Engineer: 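This is the structure, below, for whatever I ask next.
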Amino acid sequence: MKRLKELVGKTLTSIEKLGEEELIFNCEDGKRYRMLHVQDCCENVSIEDIVGDLQDLVGTPILKAEEATSDENPIGAQVPGFQDDSFTWTFYKFATIKGYVDIRWYGESNGYYSESVDVFLVGVDDAYM
């Protein structure tokens with residue numbers, strides 16, 4: 001599910017980071033969004049880096065929520081600990097009047113499985129998670 005654009009205009013009350021594999025966005029209107037990759041065999045997808053302060057996204061409306069992907073290694077070499085049969089970098093760019101946050105996910109697999117990250121609406125998209 002790609003519900004990322006639904007976050008634009010919403011005001012977050014909190015963001016929960018559950019390890020390196022999931023973020024939960026709690027909204028003022030009571031909705032909750034989960035950002036994660038539903039893991040399957042022979043793949044690994046996790047948060048590689050967060051640039052900015054997640055708290056800058058709390059308390060004021062989200063002005064920007066964008067996704068970009070790349071299958072090129074931006075650091076020019078294999079990432080230690082990951083195989084490189086197939087990989088995808090997914091970048092999520094958020095902004096409020098308080099600041100910007102970029103969340104970089106890294107997904108790797110044997111090439112036969114998804115490496116994408118999804119945003120699910122809790123209580124609506126549960127069957128997909």
Side-chain angles (χ1 to χ4, degrees):
M1 305 298 326
K2 295 289 184 186
R3 294 188 176 266
L4 180 67
K5 293 293 183 190
E6 291 180 22
L7 291 171
V8 174
K10 293 197 179 287
T11 300
L12 303 180
T13 57
S14 66
I15 300 174
E16 302 170 49
K17 184 173 181 272
L18 305 177
E20 300 303 317
E21 298 174 355
E22 182 175 356
L23 292 169
I24 299 177
F25 298 88
N26 298 298
C27 301
E28 202 171 65
D29 64 5
K31 292 184 178 178
R32 300 178 75 214
Y33 293 85
R34 292 177 67 192
M35 177 183 280
L36 73 150
H37 169 81
V38 179
Q39 298 288 349
D40 204 344
C41 172
C42 306
E43 64 186 25
N44 184 44
V45 180
S46 60
I47 299 169
E48 186 71 21
D49 191 27
I50 297 176
V51 177
D53 185 351
L54 288 174
Q55 292 307 304
D56 284 347
L57 304 180
V58 175
T60 59
I62 300 289
L63 301 174
K64 174 182 178 179
E66 297 178 354
E67 175 190 87
T69 61
S70 174
D71 60 1
E72 294 183 24
N73 194 339
I75 57 176
Q78 182 178 8
V79 176
F82 293 109
Q83 68 186 46
D84 64 355
D85 289 346
S86 175
F87 60 87
T88 303
W89 295 96
T90 308
F91 304 88
Y92 287 92
K93 301 170 185 213
F94 295 94
T96 68
I97 60 170
K98 295 184 342 186
Y100 291 88
V101 175
D102 293 334
I103 303 168
R104 182 179 64 178
W105 291 74
Y106 180 78
E108 56 91 16
S109 76
N110 63 6
Y112 294 103
Y113 294 91
S114 171
E115 299 158 1
S116 67
V117 178
D118 290 305
V119 178
F120 297 98
L121 178 57
V122 175
V124 175
D125 300 327
D126 296 345
Y128 299 102
M129 295 184 283

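Since the structure is predicted, the reported quantities are computational estimates derived from the model, not experimental observations. Throughout, numbering of the chain's residues begins at 1 and tracks the sequence.
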Engineer: Not counting sequence neighbours, which residues clear side chain to side chain donor-acceptor pair (under 3.5 Å) with S14? List them please.
Structural biologist: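 Result, side chain to side chain donor-acceptor pair (under 3.5 Å) vs S14: N26.
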
Engineer: Donor-acceptor pair, distance only, cut-off 3.5 Å: does the side chain of D118 make one with the backbone of F120?
Structural biologist: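 Flag not set: sc D118 to bb F120 has no pair under 3.5 Å.
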
Engineer: Can a salt bridge be assigned to the pair E20 and K17 using a cut-off of 4.0 Å between side-chain N and carboxylate O?
Structural biologist: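 Between K17 and E20 there is a salt bridge, with a charged N closer than 4.0 Å to a carboxylate O.
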
Engineer: Please report the shortest heavy-atom distance between L7 and C27, naming the atom on each side.
Structural biologist: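 Distance-wise, the nearest heavy atoms are CD2-SG, 4.3 Å.
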
Engineer: Hey, what do you get for CD1 (I15) to CG (L23), rounding to the nearest 0.5 Å?
Structural biologist: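 So the CD1 of I15 and the CG of L23 are separated by 7.0 Å.
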
Engineer: Hey, could you give me the NZ/NZ distance between K5 and K64, rounded to the nearest 0.5 Å?
Structural biologist: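 Spacing of NZ (K5) from NZ (K64) equals 9.0 Å.
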
Engineer: Which heavy atom of L12 sits nearest a heavy atom of F25, and at what distance?
Structural biologist: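 Closest pair (atom of L12, atom of F25, distance): CD1-CD2, 3.6 Å.
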
Engineer: Using every non-hydrogen atom in the two residues, find where G9 and P61 come nearest and quote the distance to one decimal.
Structural biologist: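 Closest approach of G9 to P61: O-CB, 4.0 Å.
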
Engineer: Report yes if some heavy atom in the side chain of R3 is under 4.5 Å from a heavy atom in the side chain of V124; otherwise report no.
Structural biologist: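 Contact flag for R3/V124 side chains = yes.
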
Engineer: Quick one: closest heavy-atom pair of W89 and E48, and the distance?
Structural biologist: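 Scanning both residues completely, I find the closest heavy atoms to be CZ3-CG, 3.8 Å.
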
Engineer: How many angstroms lie between OG1 in T60 and CD in E28, if you round to the nearest 0.5 Å?
Structural biologist: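 Between atom OG1 of T60 and atom CD of E28 there are 10.5 Å.
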
Engineer: Between Y92 and V117, is there a donor-acceptor pair closer than 3.5 Å when you use the side chain of the first and the backbone of the second?
Structural biologist: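 Between the backbone of V117 and the side chain of Y92 there is a qualifying donor-acceptor contact (under 3.5 Å).
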
Engineer: Determine whether more than 12 heavy atoms belonging to other residues, nucleotides or ligands lie under 6.0 Å from atom NZ of K93.
Structural biologist: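 No - once you tally the heavy atoms of other residues, nucleotides and ligands closer than 6.0 Å, there are 12 at most.
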
Engineer: Looking at every non-hydrogen atom in both residues, tell me the closest pair between L57 and I62 and how far apart they are.
Structural biologist: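 Scanning both residues completely, I find the closest heavy atoms to be O-CD1, 3.9 Å.
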
Engineer: Is there a donor-acceptor contact under 3.5 Å from the side chain of E115 to the main chain of T88?
Structural biologist: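 Side chain of E115 to backbone of T88, a donor-acceptor pair under 3.5 Å: yes, one is there.
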
Engineer: Quick one: pull up CZ in F94 and CG in L4 and give me the separation to the nearest 0.5 Å.
Structural biologist: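 Between atom CZ of F94 and atom CG of L4 there are 5.0 Å.
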
Engineer: What are the two closest non-hydrogen atoms of V58 and T13, and how far apart are they?
Structural biologist: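 Scanning both residues, the minimum pair turns out to be CG1-O, 3.3 Å.
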
Engineer: Give, for atom CD1 of I47 and atom NE2 of H37, the distance between the pair rounded to the nearest 0.5 Å.
Structural biologist: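 The distance works out to 13.0 Å.
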
Engineer: Can L121 be reached from V119 by stepping across I, L, V, M, F, W or Y side chains whose heavy atoms are under 4.5 Å apart?
Structural biologist: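 They do share one cluster, since a chain of ILVMFWY contacts under 4.5 Å joins V119 to L121.
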
Engineer: Rounded to the nearest 0.5 Å, how far apart are CD1 of I97 and CG of L63?
Structural biologist: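 Separation between the atoms: 7.5 Å.
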
Engineer: Apply side-chain contact (heavy atoms from CB on, under 4.5 Å) to residues V51 and R104 and explain how you reach the verdict.
Structural biologist: CA-CA 8 Å; V51 177; R104 182 179 64 178; over 6 Å; no

